[in-house]
Amino acid sequence: MVSIATPFSDIQNHWARLFITALAQRGIVSGLPNGTYRPDNSLTRAEFAAIIAKAFPTVPKKRQYVPFVDVPTNYWAAAAIQTAYEKAFISGFPDKTFRLANRITRVEVLVSLVGGLEIATKIKPDLLSALPQIYQDSVQIPGYGRNQVAIATSAGLVASFPNIKLLNPNLPATRADVAVIIYQALVYLGEAEKIPSSYIVQPPTPTPTPTPIPIPIPTPTPIPTPTPTPAPIGSVRVNHSREFRGAWLVSVWNGDWPSKAGLSVAEQKAELSEIISKLQALNFNALIFQVRPEGDALYESQLEPWSAWITGTQGKAPEPFYDPLAFAIAECHKRNIELHAWFNPYRASTSTNPAKTVRPHIAATNPESVYLWKTQRWMDPGLKIVQDRAYNVILDVVKRYDVDGIHLDDYFYPYPIEGQPFPDNKTYAAYQAAGGPLSLGDWRRDNVNKMVQRLWQGIKATKPDVKFGISPFGIYRPGQPAGITGLDAYNVLYADSKKWLAEGWIDYIAPQLYWRTDQPQQSYSALLKWWTEVNTKKRHVYAGNNLTEPSNKSRESDEIEKQVKISRSQAAQLSLGNIFFNLGVLTENSQGIADKFQSLLYNKPALPPTLPWQDTTPPPPPIGLQVNNRKLSWQPGDNQPVRSWTLYRLSGDTWTIQRILSAGTTFATVQQAGSYAVCAVDRLANESVGTVITVS
C-alpha cells in the first residue's frame, strides 16, 4: 500500500495528494521552505527537467549534450537540464536556447515522457483516430504531439482534473499534473504500484478477437467517472477565450482627452472617467494612454515639463494639483482595464515656435539636438542626449507608476517631406569620423534598434511584469508580402520592426493596419498574416485598426466587424487582439459601432492573453467562498496583490465567464441558481483555478 501520510500542508484534500506524497517519499519532488507544495502552480522547463532527472535515474543516455547559450554552468538546474537532454526527455530551440523560465504545457510533458522512455517502440498510436471520442478538446492538440498523446493515453499516463474528457493540452502543466503523470510513468515501467484515481484517463477497452473456443475474459474493475456537477465546495480549472482589446487615447492636439486645454481639474477627471467607463461597458480591457506627445509630460516629472495640452501652458501644473497618469491608472484598474503608457520618443514639438517650450524640455536645454521639420520640431535619434532622455523618461515612469505596459507608436525618424532630407548630416559625419562603418540608412536603423533593445532590457530589469509593445506603420516594406504597395517604413522611417520581433525585444507588436479589407494593395488579411509569419519569437500580434475613413468620416461597423473576425481567424498564429483608433468614434457610437461591440464583437468580458515567456504562475484561488441569499463572498488566498476576480457559471458541461470584478470587490450577487466558480487574476492576467460553490 502507498502511505497516506501527507508531507505538505496544502494538499490535504487535493485530488493529487497520494501521487505527490508518493513522489515526495521517493525524493523526486519537494516542497517550499514554508511546508507547502503549491500543487496548482505551473512549472518552468528548468523545474520540469529537475524532476525528470530525479525520477528516471536508470534511463540510459541517448545523445551528446550540446550546451544551451542561456543556461549558465552555475545555474541551479544546469546538471539536471544536461541529464534530461542527454536522455532525450527534453530539447532546446533552434536558436540554441533552452528558455529556462518558459512554462511547460501539458502536451509537452506527455511528449517528453513518450520520447525519453521510448514508449513508442512498444506502443503504437492506435488511439489516434479515437482521440476525439476520448477528449472533447482533441482539436487543440498540436500536430507535433498527436501521436504521443495517443501513445501516452494507451500507456495510462494521462491525468485530467476535474474533467477527464478535457485534455487542456496547451495549458501550463501544474505541479500536481506533473506529479501524477510522472507517477503513472513509473507505474508503466513497473517501478510503482497503481494508485486508484477517477482522474486517470482510461483508454477504450479493445474488442477481443473472436476465437473458435470461447475463453472467459476477466471483467475489468470499473473506474468511477467524476460526476459533471462539482461538489458544493471544491476547485475547477476554467478558462475563456482571451483577447487584447485596446484603444488609443490621444492627448496631442487635444485629440481625445482633455477635450480642450485649460479645463478645470474636475472637468478633466470627469471626462477621463467617462471615457474609461465607456470602455468598460464595451468590455475593452486595455487603454493606450498618450503621456509624452512632444517631449513633455502628462504626469508629474522632474525630467520634462508639464504638457500644454493639460493647462494650456507648457510647464504649468494642474490647479488644484493632481496627477493625470496616476488618476488614469487608478480609474482603469478599478474597472479591470490595463493601462499602457504611450510615449513619442523623438517628436520635440508640434510647433516651430521656441517660446512654446520651457525648461527642462530638451529644446530649451539642448536646442542643438532638435531640428525644424515642416510645422514641427524633431529630436535627432542619433544623438546620445536624445537617446538617454527617452530612456530615462520612460524608465522613470516604469519605476514610479503602476503601469501595465510601455507603448511606442510609429513615429521614429519622421514621416518624409518631399525633396527635404532629415538634417542629421553633422551627427552622421561625426559617427563616420569616429570610424563608424554603417551606411546612412543602416546607421539610422541602428539608432532606433539600439533604443528599442535598451528599453526592452531596462523595462524588464526594472519591473519584469511591465509589457513593452510597439505599433509600427502597417507595411514593413512594399512587396512584403507580394502585391503590397505603400510607404517603405524600413527605408523611410528607419523602423526595422521585423528585427524587433526576431530578437524578442518586445512583448507585442501592433502594426497599424488602417486600410479597408477590400483594398488588395494594402490587404488587411495578407498583411496581418505576414506579421504573424515573421514573428519567429512567438510574441503577440495585436492589429491596429482605424475606426475612421481617410475622409475623416467614421467607418461603417460592418467593415470593423470584418477586420475583427479576420484578426480572430489567425488566433492560432498569435493574432490575439486589436487596438482601435480613434476613441471619439466609439464614444459617439458613430455608425452604430459601439452597439456592434456591445452586441456582437465584445459581448462577453475577456482577460488579456497571458505571456508564455513571462511568469505564468497562477495566483492562489480565493478561499472562504460562501453564499447568503444569492450573494457570493470570498477572501483572497494569500496576501499578494490581486488585479481582478473572474466569475464563471456552469452551463451544461461548460464553464462560461460571467463577470470580471475589481480587486477591491470580494462579493457578487447572482440571479440564477446553479454552480459558480470564482478565480483570482494577477497583473499578468494569470488566472487561478476556480473555487466552486452551488447556489440553490
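Separation of atoms CG (Leu303) and CG (Asp396) is listed at 5.0 Å; rounding is to 0.5 Å. Rounding to the nearest 0.5 Å places CD of Gln136 at 6.0 Å from CG of Asp653. Rounding to the nearest 0.5 Å gives a distance of 7.0 Å between CG of Leu684 and CG of Asp615. Rounded to the nearest 0.5 angstrom, Ile470 CD1 and Leu408 CG are separated by 5.0 Å. Between Phe468 atom CZ and His407 atom NE2 the span is 10.0 Å, to the nearest 0.5 Å. Of the inter-residue distances, the one linking His540 atom NE2 with Arg242 atom CZ reads 10.0 Å to the nearest 0.5 angstrom.
Between the side chains of Ser160 and Arg237, no donor-acceptor pair is found at a separation under 3.5 Å. For the residue pair Gln268 and Tyr322, a side-chain donor N or O sits within less than 3.5 Å of a side-chain acceptor on the partner. Between the side chains of Asp177 and Thr174, at least one donor-acceptor pair of N or O atoms lies under 3.5 Å. With hydrogens and angles left out, the side-chain atoms of Asn283 and Asn603 include no donor and acceptor closer than 3.5 Å.
Considering all non-hydrogen atoms of both residues, Gly637 and Pro620 come closest at C-CG, 4.1 Å. Here the closest non-hydrogen pair linking Thr694 and Val627 is O-CG1, 4.3 Å. Of all heavy-atom pairs between Leu32 and Tyr37, the closest is CD1-O, 4.1 Å. When all heavy atoms are compared, the tightest approach of Arg649 to Ala673 is NH2-O, 2.7 Å. Summarising the geometry of Phe244 relative to Pro608, their closest heavy-atom pair is CD1-CB, 4.3 Å, with the distance given to 0.1 Å. Here the closest heavy-atom approach between residue Arg103 and residue Glu108 is recorded as O-OE1, 4.0 Å.
When atom types are taken as modelled, the side chain of Lys399 and the backbone of Thr462 share no donor-acceptor pair closer than 3.5 angstrom. In this structure, Arg555 contributes its side chain and Leu547 its backbone to no donor-acceptor pair below 3.5 Å. With hydrogens and angles ignored, the 3.5 Å screen pairs a side-chain donor or acceptor of Gln512 with a backbone N or O of Ser471. Judged purely by atom type and a 3.5 angstrom limit, Ser575 uses its side chain to pair as donor or acceptor with the backbone of Ser567. Under a 3.5 Å cut-off, the side chain of Trp645 and the backbone N or O of Val681 do not form any donor-acceptor pair. Side-chain atoms of Asp404 come within 3.5 Å of backbone N or O of Leu339 as a donor-acceptor pair. No donor-acceptor distance shorter than 3.5 angstrom exists from the side chain of Asn686 to the backbone of Pro618, with no hydrogens or angles considered. Between the side chain of Gln290 and the backbone N or O of Ser251, at least one donor-acceptor pair lies under 3.5 Å. Looking at Asp137, its side chain never comes within 3.5 Å of a backbone N or O of Gln140 through a donor-acceptor pair. When atom types are taken as modelled, the side chain of Thr36 and the backbone of Asp10 share no donor-acceptor pair closer than 3.5 angstrom.
Looking at Val541 and Gln573, their side chains never come closer than 4.5 Å, going by heavy atoms from C-beta outward. Looking at heavy atoms from C-beta onward, Leu249 lies out of side-chain contact with Trp342 at the 4.5 angstrom threshold. Contact check for Leu647 versus Leu632: side-chain heavy atoms found under the 4.5 Å cut-off. Taking 4.5 Å as the limit, some side-chain heavy atom of Thr656 sits within range of a side-chain heavy atom of Lys604. Put simply, the side chain of Glu271 reaches to within 4.5 Å of the side chain of Leu263, judged on heavy atoms. In this structure, Asn336 and Asn285 have side chains that are not in contact, with every pair of non-hydrogen atoms separated by 4.5 Å or more. A heavy-atom distance below 4.5 Å is not found between the side chains of Ile623 and Thr691. Residues Pro305 and Pro360 have side chains in contact (heavy-atom distance under 4.5 Å, counting atoms from C-beta outward).
Under the 4.0 Å criterion applied to side-chain N and carboxylate O atoms, Arg683 and Asp402 are assigned as salt-bridge partners. At a threshold of 4.0 Å, the pair Arg389-Glu304 counts as salt-bridged, since one of the basic side-chain nitrogens sits closer than that to a carboxylate oxygen. By the 4.0 Å N-to-carboxylate-O rule, Glu331 lies too far from Lys269 to be salt-bridged with it.
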Exercise for review: Could you walk me through whether Tyr299 and Phe289 pass the ring-ring contact (aromatic ring centres under 6.0 Å, His included) test, one step at a time?
Suggested key: CA-CA 11 Å; Tyr299 57 93; Phe289 183 42; 9.5 Å; no
Point to revise | Residues Arg568, Glu243; criterion salt bridge (Lys or Arg N to Asp or Glu O under 4.0 Å); working and verdict | key: CA-CA 9 Å; Arg568 287 173 173 166; Glu243 187 172 44; 2.7 Å; yes
Check your understanding: Can you check side-chain contact (heavy atoms from CB on, under 4.5 Å) on Val238 and Cys679, steps first, answer last?
Key -> CA-CA 9 Å; Val238 293; Cys679 310; 3.4 Å; yes
Practice item. Could you please spell out the steps behind the side-chain contact (heavy atoms from CB on, under 4.5 Å) verdict for Val291 and Phe343? Key: CA-CA 6 Å; Val291 298; Phe343 295 81; 3.7 Å; yes
Exercise for review: Show your reasoning for whether side-chain contact (heavy atoms from CB on, under 4.5 Å) applies to Trp257 and Leu298.
Suggested key: CA-CA 11 Å; Trp257 179 86; Leu298 274 82; 3.9 Å; yes
Exercise for review: Tell me, with the steps shown, if Arg175 and Glu47 meet salt bridge (Lys or Arg N to Asp or Glu O under 4.0 Å).
Suggested key: CA-CA 10 Å; Arg175 287 165 57 81; Glu47 290 166 339; 5.5 Å; no
Exercise for review: May I have the step-by-step check of side-chain contact (heavy atoms from CB on, under 4.5 Å) for Tyr676 and Val670, ending in yes or no?
Suggested key: CA-CA 9 Å; Tyr676 290 85; Val670 297; 3.6 Å; yes
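For the pair Lys631 and Phe667, the distance from NZ or CZ to the six-membered ring centre is under 6.0 Å and the angle to the ring normal is within 45 degrees. Annotation: cation-pi pair Arg99/Trp613 absent, no NZ/CZ under 6.0 Å from the ring centroid and within 45° of its normal.
Ring geometry for His240 versus Tyr648: interplanar angle of 30 to 60°, hence tilted. Between Trp309 and Trp253, the ring planes lie tilted relative to each other; the angle falls in the 30° to 60° range. Relative ring orientation between Phe321 and Trp306 is described as perpendicular, the plane-to-plane angle rising above 60° on a 0-90° scale split at 30° and 60°.
The neighbour count for Asn34 CG, taken as heavy atoms of other residues, nucleotides or ligands under 6.0 Å away, is above 12. For CD of Glu274, the number of neighbouring non-hydrogen atoms (other residues, nucleotides, ligands) closer than 6.0 Å is 12 at most. Counting heavy atoms of neighbouring residues, nucleotides and ligands inside a 6.0 Å radius, atom NZ of Lys537 exceeds 12 of them.
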